[in-house]
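Computed over heavy atoms, backbone and side chain alike; hydrogens, waters and symmetry mates excluded.
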Amino acid sequence: AASDVLATVGGMKDPACVLIWKLKNSDDDDNELEAEKLFELRYPHATRIVWHPFNPNRFLLLTRTYNEGEWGNSQRSVASIVDTSRLNKTFKDGYALCDCGDDKVLNGAAQFYVSANENTGANDVAWSHVKDARHVITGHDDGKVRLWDLTKNDGSTVACLHELDV
């Protein structure tokens, strides 16, 4: 039977925020779908997931805090590039579980950082759809669009190449 993968993102403060499912037609009835949980990411700051166009183990995770004052430093993460093979996981009931608790930074993922001194929360994120998908673009509350280069990544942060007022 053919199958597909679906990711869902819960609401803010939802402990099981990101769930990745394998969907397939029921063996008993082609008009019914069955779902099998493959991965659970407990990271309450996630608001949106965007799959990598070519690598099913990578995705962008847009993040948002409930209280901007929580960061308490000069930078804050607005998105993360997640490679599921780099996350610390345990296995439970046949699926992988990564529990980040209330951590603001997703360990094992590269962060997109902006200044915490501005109203710079990200509202959207997208991959470039060229053959290597090495660029990411983000749209922000401050009216700027930021272009990021994933090849300029030290393993924990991604370099912002350009900011443009729109």
Inter-residue atom distance K152.NZ - R134.CZ, 0.5 Å rounding: 6.5 Å

Connected via hydrophobic side-chain network under 4.5 Å: L33 and L6: no

Closest heavy-atom pair and its distance - W21, T8: NE1-OG1, 3.6 Å

Nearest heavy atoms of F91 and A96, plus distance in Å: CE2-CB, 3.7 Å

CG on L161 to CZ on R146, rounded to 0.5 Å: 13.0 Å

Other residues, nucleotides, ligands: >12 heavy atoms within 6.0 Å of R48 CZ: yes

ILVMFWY network linking V50 to I81, side-chain heavy atoms under 4.5 angstrom: yes

4.5 Å side-chain heavy-atom contact, V136 and W127: yes

Same cluster (ILVMFWY, side-chain, under 4.5 Å), L150 and L147: no

Side chain proximity check, F112 to V125, heavy atoms < 4.5 angstrom: no

Minimum heavy-atom distance K144-D142, with the two atoms named: N-OD1, 3.1 Å

Spacing of Q111 atom CD and T157 atom OG1 [to the nearest 0.5 Å]: 9.0 Å

Value rounded to 0.5 Å, distance of CG in L38 from NZ in K22: 7.0 Å

Aromatic ring pairing W148/H140, orientation class (parallel under 30°, perpendicular over 60°, tilted between): tilted

Donor-acceptor contact present, side-chain T47 to main-chain L62, <3.5 Å: yes

Backbone N/O of E32 and side chain of E34: donor-acceptor pair under 3.5 Å: no

Closest heavy-atom pair and its distance - L19, E40: CD2-CG, 3.5 Å

S85 OG to N55 CG distance, which is reported to the nearest 0.5 Å: 8.0 Å

Whether over 12 other heavy atoms sit under 6.0 Å from N88 CG: no

Value rounded to 0.5 Å, distance of CD1 in I137 from NE2 in H135: 10.5 Å

Minimum side-chain heavy-atom gap I20-W51 below 4.5 Å: yes

F59-V9 co-clustered via ILVMFWY side chain contacts under 4.5 Å: yes

Short side-chain to backbone donor-acceptor contact, K89 and T84, under 3.5 Å: yes

Minimal non-hydrogen separation, C100 against Y43, with atom names: CB-CD1, 3.9 Å

Minimal non-hydrogen separation, A46 against C17, with atom names: O-SG, 3.3 Å

Shared hydrophobic cluster, L87 / V18 (ILVMFWY, side-chain heavy atoms < 4.5 Å): yes

Backbone N/O of D28 and side chain of S26: donor-acceptor pair under 3.5 Å: yes

